[in-house]
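Report on one structure; see the data block that follows.
All chains are named by letter (A, B, ...) in the order of the sequence lines, taking the proteins before the strands, and each is independently numbered beginning at 1.
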Amino acid sequence: MARPNDEVEAVLQEYADLVAITGGDAFKARAYEKAARAIGGFPTDISTLDAEGLREIPHVGKSIADKVLEYLSTGRIPALEETRAAIPPGVRELIAVPTLGPRKAMTLYEELGVSSVEQLLDAIHDKKLRDLKGFGPRTEENILHGIDLARKAGGSGGRILIDAAMDVAEQIVAELSGTAGCEGCAYAGSLRRMRETIGDIDVLVAATRSGPFMEAIAALPYTAEVIAHGEKKTSIRTTKGLQVDLRVLPPGSWGAGLLYFTGSKAHNIRIRELAVRHGYKLSEYGLFHAKSGRRITSATEEDVYARLGLPWIPPTLREDRGEVAAGLRDELPELVEDGDIRGDLHTHTDLTDGLASLEDMVTAAARRGYSYYAVTDHAPDLYMQRMTDAKILAQRERVRELDGKHRRMRLLHGAELNIGPDGEVDWPGEFLAGFDLCVASVHSHFNQSRAELTRRLVRACENPHVSVIGHPTTRLIGKRPGIDADFDTVFEACARTGTALEINAHPERIDLCDEDILRAKRYGVKFAVNTDAHSTTHLPYMRYGVGTAQRGWLTKDDIINTWPLQRLRRFLSPK
DNA sequence: GCCGTTTTCGGCCCGACTGTTTTCAGTCG
């Protein structure tokens, strides 16, 4: 089930949309949008807050706090229901069509009575849009195209997994970097912030002449369509339906441009407000004096932040979750980095469902420069893996033989236990004691009650041999929601028992996610960033786990697989 | 509707591109 925060976020966002559609005060609509986002991302369960507590959430004032309380106690907000009554639900559906916004949607409804995508298609077919002011033949085409795209994107909201976006972005950056006149090229946007899914890719180029880059991107083999083509910006759609926006900036504007296009939007608004308070104006072209219009700086992100009294803020923190305030106090966390990771603590081989042999996995891991590496194949309770005591003990022999043979990397022999319906795991304590570490994860019975799921995870934490809870929510992005356990209780149990929570770096999982990490950290939990690699090609997924850990404000000390082996072993020893 | 070391009123981030316009509204990020 959705957290109350998510539910209220959706309700407030709906109200914001309806205010915009009905032509209400645009600032009021934005106020509701801001409050919706703030509540959705707020770490505390809002159903536990009173009016005073609610008003401590940014952008939540008296009016919205009252509406939230009303919603939480009655499930209704009269003001919202009145507005709903005036506007059929299908009208709101219209603004989900690209190129259709609240104004056009309302014109369609008022003038033609259109209140669904179906009716809109009929109206276009009957050429009824031709008579409307502001609607021309191209508008019709764009709407038809937009409907088509929205349908193809389906329920995923058109976002793709981070690794797929990263592949495309790195190819494009390589291509444009090699184009003559390129003085800088990088991807920005949500990809640079390492969000778990990516809506579109933003690529920046620093150059004095933009033409060659606009032509280069339009000519890429996987460019299916040029959506917009201008002097400063070109947007294309790839053959896989991914939108890429290319911006070419004067080299002197690089820092301000990179800052602007990295976002997030909420972070940008925050620092622009800061700029205004200093008597400046900040745009993608630089930081300017508001009055004289004279440029102060824009060459690097560091320069721009510094003039606003801030240290450089890592992109993964730029989500308006307090990073600006922390920066002003010089209290930004020293974030974990890729190079801090000393080993991977959750990996598989072809002894169970992995694709590569033990030797190949170990060789590939050593090549990554790890100082230790754990092999954690599935245990017997996942019976399709056909694990036996004899097989895992034989594997242990081979692991011991390989230990230290590859660039002196130390090997840990472990297992990924299955957390059964009652919280039990595969082997009794005396057998588990033979492992260097045990990861324990939920693999089935996802639909138990909240109480059962919670008790199940807590019992696993209480097992003295379980050191890490693997992919704690078991979600698969775009395919399966996470289990409905009371994770605050689970986090508390992890902290109490000294059990680490995994940040599973597989792009389909990213589990825990950034918001869960922020919540868990407040309980004093430790984390393990693991790839759950089933092949050598999965080992590089570590970067997505580290990015997610950064988004959760984690430092080296929070993450057990950045620790020296001795300290790690102490953590892994039976509790 | 929210917010406040210039303000409790009067602001609210800022700019690019498209399509319909002939000076600008709407949408998007």
Side-chain angles (χ1 to χ4, degrees), chain A residues 12 15-16 19-21 23-39 54-68 79-80 94-108 129-130 132-143 145-146 158 188-190 193 198-204 210 214 226-235 243-249 253 256-257 259-288 290 308-309 320 328:
Chain A
L12 294 179
Y15 192 60
V19 169
I21 291 169
D25 180 4
F27 291 113
K28 179 174 164 182
R30 276 210 359 227
Y32 274 97
E33 263 180 36
K34 285 194 266 191
R37 268 204 311 273
I39 287 172
L54 285 170
R55 294 194 56 177
E56 282 177 18
I57 303 173
H59 311 298
V60 175
K62 177 168 179 0
S63 173
I64 292 181
D66 287 348
K67 287 189 175 72
V68 171
L80 170 61
L94 296 180
I95 66 174
V97 175
T99 72
L100 268 190
R103 309 301 310 151
K104 282 202 165 78
M106 194 55 179
T107 304
L108 288 166
L129 269 58
R130 304 273 165 95
L132 297 180
K133 199 169 74 176
F135 287 67
R138 294 305 306 273
T139 311
E140 271 184 20
E141 275 177 44
N142 288 337
I143 291 173
H145 191 51
S190 54
R193 302 199 313 277
I198 307 297
D200 54 34
I201 295 175
D202 297 295
V203 177
L204 299 189
S210 67
M214 304 309 190
V226 177
I227 303 165
H229 195 320
E231 194 191 333
K232 297 181 170 162
K233 174 181 163 179
T234 291
S235 297
Q243 182 171 331
V244 182
D245 295 333
L246 170 64
R247 291 289 297 240
V248 180
L249 300 158
S253 298
L259 181 56
Y260 177 81
F261 290 108
T262 297
S264 65
K265 193 171 170 177
H267 176 85
N268 286 351
I269 289 172
R270 189 69 68 186
I271 59 175
R272 281 187 181 194
E273 287 167 354
L274 198 58
V276 169
R277 285 213 290 282
H278 280 80
Y280 303 149
K281 185 180 70 106
L282 180 61
S283 76
E284 60 263 53
Y285 296 113
L287 187 66
F288 302 87
L308 300 175
D320 191 24
L328 288 171

When the distance from [atom1] of [X] to [atom2] of [N] is rounded to whole Å, what number comes out?
| X | N | atom1 | atom2 | result |
| --- | --- | --- | --- | --- |
| A:L132 | B:dT21 | CG | P | 11 Å |
| A:R272 | B:dG29 | CZ | P | 16 Å |
| A:H59 | B:dC3 | NE2 | C1' | 10 Å |
| A:I269 | B:dC2 | CD1 | P | 17 Å |
| A:R138 | B:dT27 | CZ | C1' | 15 Å |
| A:H267 | B:dC14 | NE2 | C1' | 15 Å |
| A:Q243 | B:dT27 | CD | C1' | 12 Å |
| A:Y32 | B:dC12 | OH | C1' | 16 Å |

Upstream residue (5' side of DNA chain B) when A:R103 and A:D25 are each assigned their closest nucleotide: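 Comparing both residues, the 5'-ward one is A:D25.
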Closest-nucleotide ordering on DNA chain B, the 5'-leading residue of A:S283 and A:S63: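 This one resolves to A:S63.
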Please classify the nucleic acid contact of [X] as base, sugar-phosphate, or nothing, using heavy-atom distances under 4.0 Å.
| X | result |
| --- | --- |
| A:I271 | nothing |
| A:K62 | sugar-phosphate |
| A:Y285 | sugar-phosphate |

Nearest 0.5 Å, please: how far is [atom2] in [Y] from [atom1] in [X]?
| X | Y | atom1 | atom2 | answer |
| --- | --- | --- | --- | --- |
| A:S210 | A:L246 | OG | CG | 8.5 Å |
| A:Y15 | A:K67 | OH | NZ | 5.0 Å |
| A:E284 | A:R247 | CD | CZ | 5.0 Å |
| A:L12 | A:R37 | CG | CZ | 12.0 Å |
| A:M106 | A:L100 | CE | CG | 14.0 Å |

Rounded distance in Å between the [atom1] positions of [N] and [M]:
| N | M | atom1 | value |
| --- | --- | --- | --- |
| B:dC13 | B:dC3 | C1' | 16 Å |
| B:dG1 | B:dT5 | C1' | 24 Å |
| B:dC2 | B:dT7 | C1' | 14 Å |
| B:dG29 | B:dT23 | C1' | 24 Å |
| B:dC17 | B:dC12 | C1' | 24 Å |
| B:dT20 | B:dG26 | P | 14 Å |

Check: B:dG1 base within 3.5 Å donor-acceptor of A:Y15 side chain: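 Looking at the base of B:dG1, it does not pair with any donor or acceptor on the side chain of A:Y15 (distance under 3.5 Å).
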Would you indicate, yes or no, if [N] has its OP1 or OP2 atom less than 4.0 angstrom from a side-chain nitrogen or oxygen of [X]?
| X | N | result |
| --- | --- | --- |
| A:N142 | B:dG19 | yes |
| A:K28 | B:dC3 | no |
| A:K104 | B:dG26 | no |
| A:K67 | B:dG1 | yes |
| A:T139 | B:dT20 | yes |

What's the closest nucleotide to the [X] side chain, out of [options]?
| X | options | answer |
| --- | --- | --- |
| A:R30 | B:dC17, B:dC13, B:dG15 | B:dC13 |
| A:K281 | B:dA16, B:dG29, B:dC14 | B:dC14 |
| A:R247 | B:dA16, B:dG29, B:dT18 | B:dA16 |
| A:K233 | B:dG29, B:dC17, B:dC12 | B:dC17 |

Nucleotide forming a Watson-Crick or wobble pair with B:dG4, both distances under 3.5 Å: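 When the pairing criteria are applied, B:dC9 turns out to be the nucleotide that pairs with B:dG4.
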Over all atoms of both residues, closest heavy-atom pair of A:A65 and A:L54: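 Shortest heavy-atom contact: O-CD1, 3.7 Å.
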Verdict with reasoning, A:Q243 to A:D245, per side-chain hydrogen bond (donor to acceptor under 3.5 Å, both in side chains): CA-CA 7 Å; A:Q243 182 171 331; A:D245 295 333; 3.0 Å; yes
B:dT5 glycosidic torsion: syn (within 90° of 0) vs anti: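 With its glycosidic angle more than 90° from zero, B:dT5 counts as anti.
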